[in-house]
Amino acid sequence: MKEMIWDDTKAFLALARFGTLTVAAKSLDMGIATLSRKIERLEHSLQTPLFLRFQTGYQLTDEGKNLLNKAEAMEAAAFAFTKSAKKESQLIGRVKVATAENLATHLILPALGRFQQTYPNLHIDIVTDIHTANLHRRDADLALRMVRPTNGNVSFQHVGTLGYGLYCSTHYQKERDDANDNFIQWGEHYEHLPAAQWIANQLAGKEPIITTTSVATQVSACLAGIGVAVLPHLVARHTELVCLIDTPEVNQEIYLVIQTDLTQSKRTRAVADFLSELVKTHQDRLN
């Protein structure tokens, strides 16, 4: 069997629907002779007669009738493909971004209005529950992460650094006994965090004054004068807290991670470029 030319199925469908070469050719904006050659070529490649020729027009053979729904399925698939490609070129659709709540709240969301003005038909879904958002499971299209990927079908680049410091309230600072600080620590499920490990070293076996499971609650505990906490500068500088010292040992590198098969997607690339530029532009706030 000779290889079929997919475009000939459009000629087949047009003639099947209109029944005459004149009307079918007009619907496809081509000449009658060209349409006739396409039909003959398709029949030759399939080695099957598709039409019965009459003076009044064309009728499908039994073989042609059996192939009609398959040709229509090909047409629908081609339409869907073209529609999807058009959306991609026009940057229409949604892109899901996984990131830390701190970056989402204090970095991404304040700049999102500007992005939407540039790309009004491109929408970002932000997932801040990073314990469940997994690029390998397609929970997100790309991510801003503080952990360097070590496996999986992803591409990544280092885009910046999230700086940390030891913070407390002004009231606590006035009453502070730095030899016996009350440390606000992370809960046991967060012992892997650099901030939690740094505090554990300072505690040297002593108990923290309180443990929490989010940066927001640690900020609130600090503001209440309960103790000191290691917090990202990006978050703490928005408050009335005082930075006692920088803690560069706790600083975290920020990586832009993308599913490898989406790196050529124009809409994913647009969001990735926006996030990368955002981190680089605001690095002074992050440090």
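Note that these values count all heavy atoms, side chains included, but never hydrogens, waters or copies made by symmetry. Please read all numbers here as calculations on a predicted model, not as lab measurements.
- Judged by distance alone, with hydrogens and angles left aside, the side-chain atoms of T268 form no donor-acceptor pair with the main-chain N or O of Q264 at under 3.5 Å.
- Contacts of T281 classified as side chain to side chain donor-acceptor pair (under 3.5 Å), with partners at least two apart in sequence or in another chain: E277.
- Contact check for D7 versus K38: side-chain heavy atoms found under the 4.5 Å cut-off.
- Among residue pairs with one or both ends in residues 195-239, those qualifying as ring pair (Phe, Tyr, Trp, His ring centres under 6.0 Å) are H106-H238, Y167-H233; sequence neighbours excluded.
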Practice problem: Please lay out, stage by stage, how Y58 and R53 fare under the test side chain to side chain contact (heavy atoms under 4.5 Å, CB included). | Solution: CA-CA 5 Å; Y58 284 63; R53 278 79 168 168; 3.4 Å; yes
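- No side-chain heavy atom of I199 sits less than 4.5 Å from a side-chain heavy atom of P208.
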Quiz item: Between L234 and H282, is a side chain to side chain contact (heavy atoms under 4.5 Å, CB included) present by the stated rule, with each step listed?
Solution: CA-CA 10 Å; L234 178 69; H282 294 277; over 6 Å; no
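- The main-chain N or O of W186 is never found under 3.5 Å from a side-chain atom of E191 such that the two would form a donor-acceptor pair.
- R267 places no side-chain N or O within 3.5 Å of a backbone atom of L122 that could act as its donor or acceptor partner.
- Linking ILVMFWY side-chain heavy atoms closer than 4.5 Å, directly or via other members, places M30 and F18 in two distinct hydrophobic clusters.
- Side-chain atoms of E75 never come within 3.5 Å of backbone atoms of K10 as a donor-acceptor pair (strictly under, hydrogens ignored).
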Exercise. Run the numbers on Q218 and V230 for side chain to side chain contact (heavy atoms under 4.5 Å, CB included), then give the verdict.
Key: CA-CA 9 Å; Q218 294 203 354; V230 175; 6.0 Å; no
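- Using a distance-only test at 3.5 Å, with no hydrogens or angles considered, no donor-acceptor pair links the side chain of T217 to the main chain of T212.
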Quiz item: Does the side chain to side chain contact (heavy atoms under 4.5 Å, CB included) test come out yes or no for L275 and T99, once each step is laid out?
Solution: CA-CA 11 Å; L275 294 175; T99 191; over 6 Å; no
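- With contacts defined as side-chain heavy-atom distances shorter than 4.5 Å, the pair D141/V271 does not qualify.
- Residue H171 qualifies as open at atom NE2: its count of foreign heavy atoms under 6.0 Å is 12 or below.
- Put simply, CG on N182 and CD1 on I210 are 11.0 Å apart, with the number rounded to the nearest 0.5 Å.
- Atom CZ in R114 sits 11.0 Å away from atom OH in Y119 (nearest 0.5 Å).
- Taking every heavy atom of both residues into account, E43 and L50 meet most closely at OE2-N, 2.8 Å.
- In this structure, L13 is a member of the same hydrophobic cluster as L21, with clusters built from ILVMFWY side-chain heavy atoms closer than 4.5 Å.
- Ring geometry for Y190 versus H192: interplanar angle under 30°, hence parallel rather than tilted (30 to 60°).
- Q283 CD to L162 CG: the interatomic distance, rounded to the nearest 0.5 Å, is 8.5 Å.
- Across every non-hydrogen atom of P110 and T105, the tightest pair is CD-O, 3.5 Å.
- Between M146 and I254 there is a side-chain heavy-atom pair separated by less than 4.5 Å.
- Rounded to the nearest 0.5 Å, atoms CG (D62) and CG (L67) are 11.0 Å apart.
- Aromatic ring orientation, Y255 versus F156: perpendicular (interplanar angle above 60°, classes split at 30° and 60°).
- Atom-to-atom distance recorded for S27:OG and R17:CZ is 9.0 Å, nearest 0.5 angstrom.
- When side chains are defined from C-beta on, I108 counts as touching L144, because their heavy atoms get closer than 4.5 Å.
- Annotation: side chain of L244 is in contact with side chain of Q173 (closest heavy-atom distance under 4.5 Å).
- Here the shortest heavy-atom pairing between L42 and D8 reads CD2-O, 3.8 Å.
- Cluster membership check: F12 does not share its hydrophobic cluster with I5, using side-chain heavy-atom separations under 4.5 Å among Ile, Leu, Val, Met, Phe, Trp and Tyr.
- Follow the hydrophobic side-chain contacts under 4.5 Å out from I209 and you never reach F183; the two are in separate clusters.
- For the pair L278 and L107, the tightest heavy-atom approach, listed with the atom from each and the gap, is CD2-O, 3.5 Å.
- One hydrophobic cluster, built from ILVMFWY side chains closer than 4.5 Å, cannot hold both I39 and F54; they sit in different ones.
- K96 is listed as a side-chain neighbour of V127, based on a closest heavy-atom distance under 4.5 Å.
- Across A272 and L256, no two heavy atoms sit closer than the pair O-CD2, 3.5 Å.
- Taking every heavy atom of both residues into account, L223 and S169 meet most closely at O-CB, 4.1 Å.
- For S45 (side chain) and R41 (main-chain N/O), a donor-acceptor pair under 3.5 Å exists by modelled atom type.
- Distance check, rounded to the nearest 0.5 Å: CD of E101 to CG of L109 gives 9.5 Å.
- When only modelled atom types and interatomic distance are considered, Y164 and Q252 share a side-chain donor-acceptor pair under 3.5 Å.
- Looking at heavy atoms from C-beta onward, Q202 lies out of side-chain contact with L166 at the 4.5 angstrom threshold.
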